[in-house]
Amino acid sequence: MKSIHFRFAASFILLAAVLFWSSAGTLNALAIAQLNDPTPPAEIVKLIFIHHSTGENWLTDGYGDLGVTLGQNNYFVSDTNYGWGPDAIGDRTDIYNWPEWFRGPEGPRYLEALYNESGQNSGYTRTLPDPGGENQIIMFKSCFPNSNLEGNPDDPPAPGDGLTVSNAKYVYNDLLNYFVTRPDKLFVVITAPPVQDPSYAANARAFNNWLMQDWLQENNYPLNNVAVFDFYNVLSDPNNHHRFINGDIEWINSNGRGTSAYPSSGDDDHPSVAGSRKATDEFVPLLNVFYNRWRAGGAAVPPPEETALPIAPPPTAAPGGAGTYTSNLIDDFEGGIPEGSEGWMAYRDEATRSAISCSAESGAAYAGNAAMHIRFAIEANSWGTCALLYNEHHSWESSRGLSLYVHASQPAMVFSVDAYRGPIDSKETYLFEVETTQEMVDGWVKLELPWDMLRRADWEESPGAPYVPNQVVGMAFGFGTFPDAPNEGEIWVDDVSLMGSEAPVVAPTEAPALPPEPTATSQTAVEPTAAAPTEEPASGGGGRLCPGSMALGALALVGVVWGAGRRRRPGVQAL
């Protein structure tokens with residue numbers, strides 16, 4: 001293989017990222033200096049390292065000396081190991097386990113423990129005082145068996161099981177959906193070390209090259225809070241490097257070798273003392289560069305507790321494939337009209353005095369500066385709709401449903417999330433109905449609606465038929481009423497997106513957890529079989545909620561979505 005030796009091309013990418021964060025649109029001298037600044041932090045910074053035995057050796061005094069070297073650079077180091085944390089999550093550090101840490105239903109619990117961990121699980125010296133507060137830098141690494149990736153070097157990202165090139169790419173792409181919500185943390189990926197067996201060396205080499213060169217760029221990742229250290233490359237040949245030298249980052253893959261050059265012995269793939277110390281020498285100055293770049297990005301302020309402040313991709317982002325960082329945005333209401341549409345428009349029953357308006361407004365927003373504010377005053381047995389209609393058919397078949405955030409002025413209001421498909425001049429309406437709760441009043445609640453939850457409107461042909469996300473012509477928020485009762489109020493909607501193709505989070509069916517405190521962002525993960533559309537009585541008067549349903553009973557413990565019969569509402573196509 002041709003030798004690869006470059007003064008890191010990512011310098012250009014990160015230069016662009018600094019420009020992204022510059023409020024004036026220009027790069028000042030301080031930002032230029034911080035782009036490649038290997039100076040240790042001026043204040044003590046808390047760092048935690050997720051690892052197993054290889055990481056333990058790397059940290060240990062007299063072996064890799066990483067722990068003491070980080071301390072000398074003003075990092076207060078803590079770490080996890082086997083048996084650590086809630087549910088012994090520390091046992092699970094393979095590539096396919098990372099979603100459990102960062103994206104799974106128990107992730108918030110694991111990460112709260114991780115961010116607040118100040119203990120040691122390896123033998124390194126700490127001389128710095130604990131500065132208090134949460135860990136700011138999160139390093140994580142899988143062990144050397146994760147270099148035995150099956151498949152082919154050029155396999156694209158795709159969900160799967162176990163250790164494959166495609167599943168590994170899928171996992172790391174999906175992690176970006178969490179990392180982008182935490183600009184106050186610096187996430188440092190340590191690539192898994194190589195093994196001596198050459199059986200999967202080509203796959204391991206290709207995957208780690210992808211992490212280094214393509215991962216963030218392919219996903220148009222906008223922040224400076226994710227970095228990669230190529231531990232794999234450093235250990236694959238004495239002449240291979242990933243380091244800061246002569247004022248720049250240098251990544252050298254001298255011969256394409258993909259097996260370990262620093263094993264502990266002929267039958268032990270743990271990196272040797274020499275390999276571990278080489279990695280320490282190359283990594284720590286790089287970490288300083290990563291840290292200073294992150295700080296230069298101005299993203300060191302924690303997100304507000306009540307919002308978790310995700311940063312959505314730009315509205316013009318192209319639809320992503322399986323496992324791609326969230327580029328399935330429909331609208332984040334930060335400016336501009338969604339491509340291929342004329343924007344959100346309000347429709348109402350003009351035979352009544354019902355009123356509805358919808359527009360992007362600054363102020364109350366889940367993320368960014370704006371959200372869509374919908375005001376509605378629907379007379380009894382009438383309707384109103386706020387709709388986004390496309391000029392041409394779209395396909396949403398690569399996604400598994402709709403995701404959005406909702407805030408409400410009061411509980412016990414009803415609205416529906418609608419999706420349209422079919423011929424543009426005779427749209428078919430599919431919907432799922434929601435009743436607002438106190439959680440929506442107190443903050444923002446995330447709704448996730450798999451396609452199976454959206455059913456054909458009962459005023460159209462084939463009522464109750466499931467939605468098929470092809471020939472898509474738009475979506476809407478609909479407002480009807482209970483029989484003989486008006487429906488008035490306000491809701492705010494933000495970050496309307498297509499859900500990725502990963503498996504849905506299933507709502508608990510036994511011993512559900514208590515609902516979150518009012519100030520915490522809630523998430524509704526809807527089980528596909530949990531709520532078929534409510535059937536109306538034969539009289540056609542519109543089904544009421546069952547007795548006591550306004551209190552939501554046990555369902556409130558697993559979410560806020562509630563199928564509720566209401567007055568029949570014509571689709572937008574009838575206007």
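Computed from heavy atoms alone, side chains included, the values below leave out hydrogens, waters and symmetry copies. Quantities reported herein were computed from a predicted structural model and do not represent experimental measurements.
- Contact annotation: the side chain of Glu282 never approaches that of Glu250 to less than 4.5 Å [non-hydrogen atoms, C-beta and beyond].
- Minimum heavy-atom separation, Val77 to Gly67: CG2-O, 4.2 Å.
- For Asn116, the CG atom sits in a packed shell: over 12 heavy atoms of surrounding residues, nucleotides or ligands are nearer than 6.0 Å.
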- [ ] Decide side-chain hydrogen bond (donor to acceptor under 3.5 Å, both in side chains) for Asn369 and Ser362; before the verdict, give the C-alpha distance in whole Å, the side-chain angles of both, and the deciding distance to 0.1 Å.
- [x] CA-CA 5 Å; Asn369 298 313; Ser362 59; over 6 Å; no
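- Here the CD1 atom belonging to Ile249 is positioned 15.0 Å from the NE2 atom belonging to His241, to the nearest 0.5 angstrom.
- Ring pair Phe102/Phe140: centre-to-centre distance below 6.0 Å.
- Closest approach of Asn36 and Gly247 over heavy atoms only: ND2-O, 3.8 Å.
- The side-chain heavy atoms of Pro222 and Val180, taken from C-beta on, include a pair separated by under 4.5 Å.
- Between Phe229 and Arg243 there is no side-chain heavy-atom pair separated by less than 4.5 Å.
- With Phe179 as the aromatic partner, Lys185 does not meet the cation-pi criteria of under 6.0 angstrom to the ring centre and within 45 degrees of the ring axis.
- The ring of Tyr172 has its center closer than 6.0 angstrom to the ring center of Trp215.
- No donor-acceptor pair under 3.5 Å is formed between the side chain of Glu150 and the backbone N or O of Leu163.
- Using a 4.5 Å heavy-atom threshold, the side chains of Trp294 and Gln136 count as touching.
- Between the side chains of Asp94 and Ser142, no donor-acceptor pair of N or O atoms lies under 3.5 Å.
- The pair Lys169-Asp155 does not meet the salt-bridge criterion, since no charged nitrogen lies less than 4.0 angstrom from a carboxylate oxygen.
- With a 4.5 Å cut-off on side-chain heavy atoms, Thr93 and Ile50 count as touching.
- The side-chain heavy atoms of His51 and Leu59, taken from C-beta on, include a pair separated by under 4.5 Å.
- For Asn208, there are no side chain to side chain donor-acceptor pair (under 3.5 Å) partners at least two apart in sequence or on another chain.
- You'll find the ring centres of His407 and Tyr366 outside the 6.0 Å limit.
- Within the 4.5 Å cutoff, no side-chain heavy atoms of Leu128 are placed close to those of Tyr75.
- A distance of 5.0 Å separates CG of Leu186 from CD1 of Ile137, quoted to the nearest 0.5 Å.
- A salt bridge does not link Asp37 to Arg293: none of the charged side-chain nitrogens sits closer than 4.0 Å to a carboxylate oxygen.
- Between the side chains of Asp230 and Thr191, at least one donor N or O lies within less than 3.5 Å of an accepting N or O.
- Of the residues listed (Trp58, Phe231, Tyr262), the one engaging Pro193 in a side chain to side chain contact (heavy atoms under 4.5 Å, CB included) is Phe231, and it is the only one.
- Closest non-hydrogen pair, Asn219 versus Asn173, comes out as ND2-OD1, 2.8 Å.
- The two atoms that bring Lys46 and Asp130 nearest to each other are NZ-OD1, 3.1 Å, heavy atoms only.
- By the 4.5 Å heavy-atom criterion applied to side chains, Leu70 and Leu287 are counted as neighbours.
- Using a 4.0 Å cut-off between charged side-chain N and carboxylate O, Arg109 and Glu112 make no salt bridge.
- For the residue pair Tyr232 and Pro194, the shortest heavy atom distance occurs at CE1-CB, 3.5 Å.
- Here the closest non-hydrogen pair linking Phe49 and Gly55 is CE2-CA, 4.0 Å.
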